[in-house]
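Just so we're on the same page: letters track the sequence lines, and every chain starts at 1. Because the structure is predicted, anything quoted here is derived from the model rather than measured.
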There are 2 protein chains.
Amino acid sequence: MKSLQGFLKLISEETRLRVMMLLNEEALCVCELEAILDVPQPRVSKILSKYRDLGLVIDERKGKFIYYKLDLKDPLHQTIVSSIKEKRDTIEQLSIDYQRMLKKEEILNACQGSPTNVDGPSD
Amino acid sequence: MKSLQGFLKLISEETRLRVMMLLNEEALCVCELEAILDVPQPRVSKILSKYRDLGLVIDERKGKFIYYKLDLKDPLHQTIVSSIKEKRDTIEQLSIDYQRMLKKEEILNACQGSPTNVDGPSD
DNA sequence: CTTTCACATTCCATTATATGCATATGTTAA
DNA sequence: TTAACATATGCATATAATGGAATGTGAAAG
């Protein structure tokens, strides 16, 4: 119950849900999330720390950047995320975020290194 | 988004989720919920009022009692509830609640009329 | 070693949420 | 009309969530 409740509480807040849906697609670093979602960096970090507390993400450093990706071990969590993803087209904000993620190179003024623009971060 | 967010926020609180899972099984009145969940009546009423605000329940008076049942119009909401129900056995509190609901006649000291004990409320 | 930069964290004010208790409402039944 | 009971709501307060600004940390690159 605690696991489910913590999970639901996490995604009950809009920005946190948006983060989950993006990290469910691919690994992203803080500055990419900051740019895609257009929210301040400390807020992104705080959100990710909640994910970390619940053990829902894996982080991996690549050069200057730390990439986060979803790591849902609970099948129920996976099912819920999948069912939301299936309806993504019908949820405007999630669609927008997804489109922005696909074109993130164009909006990555946030990170100086523009990690996705270079042919691979120095790792 | 608002619909999904409101829904997730609603079930992000334990007692409210417990109510949802019960009302997903059958129509129940306030005093039955009070007895099954073992929470004070005003709290049950307040929870149901949130459901009403979001248009997620239908209420029907039968004699002295008002029976509530889930009325999920959004397929995504339905999918989420179904997926939780599928895992109910693995979530202790939800299992307990369900068992208590099946045997609610034995614990219905809360409602004087014991609605489920009589052969049908006077409606 | 020092600077830079990505990221994390703390502090603080604001706002929201939870919940117990008392009480109001409204229906039923006498 | 009144009494009884199911349900709803108001109020007060405890508690916590939210978010912005400033600052801390630590890896990387020079």
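Here B:Lys73 pairs with B:Asp71 under the side chain to side chain donor-acceptor pair (under 3.5 Å) rule; sequence neighbours left out.
What separates CG of A:Leu10 from C1' of D:dA17 is a distance of 13 Å, to the nearest Å. The CG-P distance, from B:Asp53 to C:dT17, rounds to 12 Å in whole Å. Straight-line distance from the CG atom of B:Leu37 to the P atom of D:dT7: 13 Å, rounded to whole Å. Regarding A:Leu33, its CG atom lies at a distance of 10 Å from the P atom of C:dA8, rounded to whole Å. Regarding A:Phe65, its CZ atom lies at a distance of 12 Å from the C1' atom of D:dA27, rounded to whole Å. Atom CD of B:Glu34 and atom C1' of D:dA6 are 10 Å apart (whole Å). Atom pair B:Asp59:CG and C:dT27:C1' shows a separation of 14 Å (rounding to whole Å applied). Taking atom CD on B:Glu14 and atom P on C:dA18, their separation rounds to 13 Å, with Å as the unit.
Residues B:Gln93 and B:Asp97 have side chains that bring a donor and an acceptor to within less than 3.5 angstrom of each other. Looking only at atom types and distance, the side chain of B:Gln41 has a donor-acceptor partner in the side chain of B:Ser45 under 3.5 Å away.
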**Request:** Tell me, with the steps shown, if B:Met101 and B:Glu26 meet side-chain contact (heavy atoms from CB on, under 4.5 Å).
**Result:** CA-CA 9 Å; B:Met101 190 194 73; B:Glu26 60 180 74; 3.6 Å; yes
**Message:** side-chain contact (heavy atoms from CB on, under 4.5 Å), that's the test. Do B:His77 and B:Leu56 meet it? Break it down for me.
**Reply:** CA-CA 10 Å; B:His77 300 176; B:Leu56 300 178; 4.1 Å; yes
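Considering only side-chain N and O atoms, A:Lys46 lies nowhere under 4.0 angstrom from the phosphate OP1 or OP2 of D:dA17. In this structure, A:Ser45 reaches the C:dA8 phosphate: one of its side-chain N or O atoms is under 4.0 Å from OP1 or OP2. A sub-4.0 Å separation between OP1 or OP2 of C:dT17 and a side-chain N or O of B:Lys9 is present. Close to D:dA21, at under 4.0 Å from its OP1 or OP2, lies no side-chain N or O of A:Arg43. An OP1 or OP2 oxygen of D:dA8 is reached within less than 4.0 angstrom by no side-chain nitrogen or oxygen of B:Lys50. A close approach under 4.0 Å does not occur between any side-chain nitrogen or oxygen of B:Arg61 and OP1 or OP2 of D:dT7.
Contact annotation for B:Pro40: backbone-only contact, meaning every heavy-atom pair under 4.0 Å involves sugar-phosphate atoms and none involves a base. Among the heavy atoms of the strands lying under 4.0 Å from A:Gln41 is at least one base atom, whether or not backbone atoms are also near.
Comparing C:dA6, D:dT9, C:dA8 against the side chain of A:Lys64 picks out C:dA6 as the nearest. The side chain of B:Pro42 sits closest to D:dA8 out of D:dT7, C:dC7, D:dA8.
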